[in-house]
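Keep in mind that the numbers below use all heavy atoms, side chains included, and drop hydrogens, waters and symmetry copies. Every value quoted in this text rests on a predicted model; they were computed, and no experiment measured them. Whatever order the structure lists ligands and atoms in, that order sets their numbers, starting from 1.
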Amino acid sequence: MTQQMAYRPRRSVLYMPSSNERALEKAKTLPVDALILDLEDAVAPDAKDAARENACAAARSGDYGRRELTIRVNGLGSQWHDADLAAAAAAGPDAIVVPKVNSADEVRLLVAAMEAAGAPDHTRLWAMVETPVAVLHAEEIARASDRLACLVLGTNDLYKEIGATFAPGRAAIATSLQLALLAARAAGVAVVDGVFNDVKDGHGFLAEARQGREWGFDGKTLIHPGQVEPANDVFAPSAAQVEDARAVIDAFEQAQAQGRGVATLNGRLIENLHVDTAQKVLATAEAIAALS
Ligand SMILES: CC(C)(COP(=O)(O)OP(=O)(O)OC[C@H]1O[C@@H](n2cnc3c(N)ncnc32)[C@H](O)[C@@H]1OP(=O)(O)O)[C@@H](O)C(=O)NCCC(=O)NCCSC(=O)C[C@H](O)C(=O)O
Ligand SMILES: [Mg+2]
């Protein structure tokens, strides 16, 4: 398996409790890029077995169309972990999401267990970064296996473990988020931001999603269908950005045709690296357009 995979939009990544059959049905109609069928925190202990069966049946069903379907298992060391991981690996979702992954050794252990349980090659590992030790080990976690495709920030646990309190702007966890981002980019894997808990605060959600986009996240994890479309908008290139990307590429090609290695566009310097960024914007817009 190679680390360089085709770009896949992960603007909106929606958690849902796998014990909630109504939500599992509703998800088939939502314009999400990815779903995390949760077996961990959103599921009560006496509902864990039924939730595992629901999530595995959903992964096998083929009913979720182009949506990336993942299962979040209970964490290493919990009483449910081994059975969750074996069942999820055998069901073959697009990815298995593991909470509270703290080291490269844990990643290798998880991958070995997935493979022993018969996980197909297309089933990737998404590791959650949600503890101080995970933040400090983020690069080794991100580089530990070719099966690892994405880091997922778990901001609720991060606030708790750091002893910080939530405030708009997220100053208390900004360093942690950005270290995880740097690690993901260094390793060439995707990275998605944490959840915004107040499902009724649309303005607060937008501000936090825009911050994540500005920092470089691929998308945001979500907890409610009402957050899906705003996330899709924020994490997609705007029409103006697509137009600008085309103009950057044109300006550079014209300069090259005239034997120059740099160009200007409305007074702005354009070099090779700006063309790379512009091409990425166009590729992202095309991948998103191909979803519909
Ligand atoms: C937050 C909720 C408990 C709110 O639920 P509810 O009061 O039922 O919301 P609504 O009445 O507004 O729901 C309207 C309809 O939408 C469906 N719905 C709701 N949420 C979801 C969802 N997540 N996915 C799919 N569908 C959903 C309802 O069923 C209604 O449908 P219908 O009746 O047919 O119209 C609830 O939204 C919820 O449970 N959200 C997910 C919570 C969760 O998964 N939490 C765990 C992950 S968050 C986390 O901890 C990340 C990380 O680990 C960290 O540390 O930060
Ligand atoms: Mg968590």
Practice item. Starting at CZ of Phe166, measure out to OH of Tyr159 and round the result to the nearest 0.5 Å. Key: 5.0 Å
Revision key, fill the gap. If you count every protein N, O or S atom closer than 2.8 Å to the Mg ion (ligand 2), you should arrive at 2
Revision key, fill the gap. When rounded to the nearest 0.5 Å, the distance separating CD1 of Ile173 from CG of Leu179 is 12.0 Å
**Study point:** Salt-bridge present (Arg10, Asp218; N to O < 4.0 Å)
**Key:** no
Check your understanding: For the side-chain hydrogen bond (donor to acceptor under 3.5 Å, both in side chains) test, which of Lys100, Arg52, Lys48, His81 pairs with Asn74?
Key -> Lys48
Practice item. To the nearest 0.5 Å, tell me how far Gln227 CD sits from Asp198 CG. Key: 9.0 Å
Revision key, fill the gap. Per salt bridge (Lys or Arg N to Asp or Glu O under 4.0 Å), Asp193 is matched among Arg213, Arg210, Arg170 by Arg170
Practice item. To the nearest 0.5 angstrom, please state how far the CG atom of Asp157 sits from the CE atom of Met128. Key: 7.5 Å
Review point. About how many Å separate CD1 of Ile288 and OH of Tyr7, when rounded to the nearest 0.5 Å?
Key: 5.0 Å
Check your understanding: ligand 1: which residues have a non-hydrogen atom closer than 4.0 Å?
Key -> Leu14, Tyr15, Met16, Pro17, Arg22, Ala23, Lys26, Asp38, Ala42, Arg72, Met128, Glu130, Gly154, Thr155, Asn156, Asp157, Ile223, His224, Pro225
**Study point:** Thr155 side chain reached by Leu177 side chain, heavy atoms, under 4.5 Å
**Key:** yes
